[in-house]
There are 2 protein chains.
Amino acid sequence: MQFELSKEYRERLQHAVDNHDDAFIVQTLEGVNSADVSTLLNEFDTDDSKYVIDLLDPEIRAEIINDLDEDTREKFLRAFDTPQITEIVNYLDSDDAVDILNELPVKEREEVIAGLDNQEKEANILDLLRYEDDIAGGLMAKELIKANVNWSIDRCIEEIRRQAENVEKIFQIYVVDNEEKLIGKVSLKKLILATNEKRVEDIYETDVIAVETYMSVEEVAQVMRKYDFEAVPVVNVQGKLLGRITIDDVVDVISEIAEEERQIMSGISEDVEEDDSVWMLTRARLPWLIIGVVGGFVSAKFMGVFEAELIRITAIAFFIPLIQATGGNVGIQSSSIVLQTLANPSAFSESLVRRLLKVLLVAALNGLVLALLVYGFNMITGGEISLSIIVSCALFCVVLVASFMGTITPLILDSFGFNPALASGPFITTINDLLGLGIYFYTVHLFLS
Amino acid sequence: MQFELSKEYRERLQHAVDNHDDAFIVQTLEGVNSADVSTLLNEFDTDDSKYVIDLLDPEIRAEIINDLDEDTREKFLRAFDTPQITEIVNYLDSDDAVDILNELPVKEREEVIAGLDNQEKEANILDLLRYEDDIAGGLMAKELIKANVNWSIDRCIEEIRRQAENVEKIFQIYVVDNEEKLIGKVSLKKLILATNEKRVEDIYETDVIAVETYMSVEEVAQVMRKYDFEAVPVVNVQGKLLGRITIDDVVDVISEIAEEERQIMSGISEDVEEDDSVWMLTRARLPWLIIGVVGGFVSAKFMGVFEAELIRITAIAFFIPLIQATGGNVGIQSSSIVLQTLANPSAFSESLVRRLLKVLLVAALNGLVLALLVYGFNMITGGEISLSIIVSCALFCVVLVASFMGTITPLILDSFGFNPALASGPFITTINDLLGLGIYFYTVHLFLS
């Protein structure tokens with residue numbers, strides 16, 4: 001039953017496009033899910049894709065464009081004129097329509113909005129354009145089903161029939177009072193099972209959980225995940241029902257956050273994928289590598305200061321990788337644990353001082369074990385006692401400092417509104433490498449003088 | 001409207017538990033969402049939590065236990081006897097019931113199943129126990145609403161009323177033929193809007209997308225995300241409808257996968273959080289740190305072999321951090337891009353040879369820029385020409401090798417069924433560090449001899 005996205009079909013479709021075999025295109029794509037068509041069209045160049053979707057039904061066309069990858073879509077929209085984009089926007093839910101409008105130049109966006117024939121949709125879109133896309137308001141759609149608490153069940157079902165034309169998926173019916181304030185919810189199931197003599201006020205549930213427009217998308221995701229919601233109503237500060245957020249958008253947000261975190265942690269500055277161009281891949285990676293190289297060069301100059309010590313005891317150099325690798329590992333572990341807490345905030349958090357004390361306790365324990373281990377290794381393999389003591393002492397200090405830095409850095413980044421994952425990225429790692437090297441050579445210097 | 005999880009309330013509740021103030025507990029928790037009660041009880045010790053939930057309605061009690069953190073719940077279940085657990089399992093959907101049964105000792109599990117009063121539920125649970133929890137079969141619930149294609153709309157609504165007792169959320173009605181094979185779907189909305197004279201076969205849609213029992217949870221998540229599903233039906237190889245997977249379970253899986261990846265990448269071996277004990281935190285971190293220390297120690301011994309060269313030109317040591325940091329950064333970037341592709345597989349993938357050629361091209365470009373940069377730095381700061389050439393050549397080689405290793409390692413890990421994120425973790429990173437050091441000293445050796 002599932003449409004087969006095969007290489008063979010892709011080639012046959014390319015052939016059909018090249019030869020303007022419209023019949024083949026229309027027949028084989030008839031009834032295919034728009035998400036599958038989008039996956040397919042992401043592989044074609046813009047002109048060929050446009051040729052294909054121009055042959056399809058306008059409603060399907062709108063859905064396909066809505067499902068396209070963001071960068072494919074941007075190229076795509078440039079190939080359409082204003083009336084065509086207006087038609088697409090007309091078919092979409094308000095939240096998807098706003099996403100597309102935000103990708104257009106300001107002038108074209110205004111023209112599209114002015115060209116909409118549905119006044120309610122125009123008002124909805126103008127309302128949604130006000131919100132940034134990283135808060136609940138920017139994620140919500142205006143389309144939802146609501147019922148006044150004073151309605152009868154019959155009137156309610158009648159109104160739902162009318163409203164349902166604009167709403168693809170219902171989930172819950174939100175119950176509002178005469179001031180449009182959200183006061184409860186009714187499930188469609190309960191409505192169907194209710195007898196007709198009853199009224200909305202007899203069957204609605206008052207324990208409705210809503211999010212407010214200014215809440216961050218991360219908070220919205222946490223609420224929906226905690227309560228297993230498919231949709232959550234959005235209210236303003238007065239409690240007035242403004243829209244709803246559906247789980248499909250939140251799933252995308254969760255996945256994007258995870259991908260962004262991975263990119264930041266590994267030092268990739270743009271949303272690149274394996275099939276992007278060599279140029280794009282290089283551009284996304286080189287800046288972070290240069291930071292590392294500059295850090296390495298500063299390390300080299302720094303060590304130059306201690307050349308006298310190095311000439312006296314060459315073996316000092318042997319332990320540089322050990323010190324740096326351990327410092328790096330401890331720092332990334334510590335940041336990762338903080339990221340975990342920031343991603344799943346506890347309702348009852350400890351004070352910062354208590355948290356840091358605990359971090360340092362864990363670090364002291366780890367540092368002690370590692371220092372003893374290295375001392376043991378050194379003794380077994382016939383290392384010099386004084387150097388062994390220096391290395392173990394420096395290692396212990398590096399573990400403590402790296403734990404502290406690894407914990408405090410993501411917290412500071414987060415409090416200034418930066419992504420805390422940056423603490424595990426190359427920039428902070430480079431600084432920590434330098435710090436570790438500094439501690440090691442300072443320890444060497446102290447012991448030798 | 002949302003229950004306020006405050007520290008004050010937690011303290012008042014603790015006080016009420018200590019003084020057996022049952023009235024306060026029952027009154028303040030009345031009507032509170034079970035997810036909120038679970039969040040609260042995760043903070044209490046097992047005896048106190050049990051005291052609280054024993055006061056609540058059995059159905060609410062089952063939901064609260066279902067919502068608890070896994071480790072809190074395990075402690076919890078040990079405090080209940082078999083009849084109490086049987087009562088809890090009776091109230092849960094089959095998928096949640098199986099999750100709890102899997103946490104019990106085998107003997108107790110068998111007793112609970114034998115004690116279930118509902119034969120259909122017993123059969124459902126026995127069926128689900130067969131599946132591993134990382135495939136579609138292990139994620140599905142048996143509860144769903146289905147309609148035979150030959151039914152009238154009236155009969156269909158009648159049957160839904162009957163079936164709906166066991167199904168909390170409906171989403172879609174799945175349409176089956178007389179052999180129970182899944183052949184389509186009808187939305188509840190469409191059913192309500194249909195006139196009573198029609199039959200299911202007149203209004204159902206045939207383009208239903210299903211997953212098969214053996215599909216991995218990652219694949220299920222990809223399907224649901226791609227098609228914006230709230231629920232997806234699960235069929236066996238013959239196409240027979242067996243159950244459905246709801247989005248709430250998939251959202252949890254997506255979040256867990258992201259968290260697991262972060263833990264593996266940063267070298268944390270267990271699912272620890274900041275509020276776990278010092279002992280647990282140390283145990284989760286120390287093994288990975290020891291790997292790094294052993295690697296560092298091997299580096300030290302390796303450099304010992306080149307002591308003669310180091311004594312001749314001490315400045316060789318200065319560039320160890322630069323070589324290692326760059327190798328590490330390049331390796332992690334490369335692995336991250338492969339992880340991205342594995343997480344979002346393209347329908348049309350390139351051959352491995354082409355992919356590797358592209359990786360090496362990007363690496364050569366990056367390596368060239370970095371090598372020239374380091375050479376330039378060295379010249380400006382009055383470095384020795386021969387050493388500068390050695391460092392730049394070694395750096396170029398390290399970038400190439402690290403790119404290759406960073407790309408091939410996650411692919412190999414994945415093909416052997418390991419988590420490909422291990423490629424960015426401390427173990428592989430330690431091996432790559434050694435490799436980088438080896439390349440550097442081999443280059444030094446070549447030039448000097």
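Below, read A as the first sequence line, B as the second, and so on, with proteins coming before strands; counting in each chain starts at 1. Not measured: the values here are computed from a predicted model.
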Checklist entry - With a 4.5 Å limit on heavy-atom distance, are the side chains of Leu286(A) and Leu370(B) in contact? => result yes

Next on the checklist: Between Phe302(A) and chain B, with a heavy-atom cut-off of 4.5 Å, which part of the residue counts as in contact: side chain, backbone, both or neither?
Outcome noted: neither

Checklist entry - Can you name the closest pair of heavy atoms from Lys169(A) and Glu230(B) and give their distance? => result NZ-OE2, 2.9 Å

Item to check | Side chains of Glu274(A) and Thr341(B), donor plus acceptor under 3.5 Å | outcome: yes

Checklist entry - Hey, is Asp36(A) close enough to Lys226(B) for a salt bridge, meaning N to O under 4.0 Å? => result yes

Item to check | For chain B, the option from Val374(A), Asp252(A), Leu361(A) that forms the most heavy-atom pairs under 4.5 Å | outcome: Asp252(A)

Checklist entry - Given a strict heavy-atom distance threshold of 4.5 Å, which part of Ala343(A) is in contact with chain B: side chain, backbone, both, or neither? => result side chain

Checklist entry - chain B heavy atoms under 4.5 Å from Asp276(A): which part of the residue, side chain, backbone, both or neither? => result backbone

Checklist entry - Does a side-chain heavy-atom distance below 4.5 Å link Thr381(A) with Phe297(B)? => result yes

Checklist outcome for this item: Cut-off 4.5 Å, heavy atoms of chain B, and the answer for Glu205(A) is neither

Item to check | For Ile320(A) against Ala317(B), the heavy-atom pair lying closest together | outcome: CD1-O, 4.5 Å

Next on the checklist: Within the structure provided, determine whether Leu339(B) and Arg262(A) are in side-chain contact (heavy-atom separation under 4.5 Å).
Outcome noted: yes

Which side-chain N or O atoms in residues 289-296 of chain B pair as donor and acceptor under 3.5 Å with protein atoms at least two apart or in another chain?
none

Checklist entry - In terms of heavy-atom pairs under 4.5 Å, which option from Ser187(B), Ala35(B), Ala284(B), Ala300(B) contacts chain A the most? => result Ala300(B)

Item to check | Minimal non-hydrogen separation, Ser336(A) against Ile268(B), with atom names | outcome: OG-CD1, 3.8 Å

Checklist entry - Asn378(A) versus chain B, heavy atoms under 4.5 Å apart: side chain, backbone, both or neither? => result both

Checklist entry - Where is the tightest heavy-atom contact between Met303(A) and Phe318(B), given as atom of each residue plus distance? => result CE-O, 3.3 Å

Less than 3.5 Å apart, which donor and acceptor atoms pair up between the side chains of residues 327-335 of chain A and the rest of the protein, not counting sequence neighbours?
unit_1: Gln333(A); atom_1: OE1; unit_2: Arg285(B); atom_2: NE; d: 2.9
unit_1: Gln333(A); atom_1: NE2; unit_2: Gly267(B); atom_2: O; d: 2.6
unit_1: Gln333(A); atom_1: NE2; unit_2: Arg285(B); atom_2: O; d: 3.1
unit_1: Ser334(A); atom_1: OG; unit_2: Val330(A); atom_2: O; d: 2.9
unit_1: Ser334(A); atom_1: OG; unit_2: Arg285(B); atom_2: NH2; d: 3.0
unit_1: Ser335(A); atom_1: OG; unit_2: Gly331(A); atom_2: O; d: 3.1
unit_1: Ser335(A); atom_1: OG; unit_2: Gly406(A); atom_2: O; d: 2.8

Checklist outcome for this item: Turns out that what part of Leu310(A) lies under 4.5 Å from chain B's heavy atoms comes down to both

Checklist outcome for this item: Honestly, the part of Thr282(A) sitting under 4.5 Å from a heavy atom of chain B is both

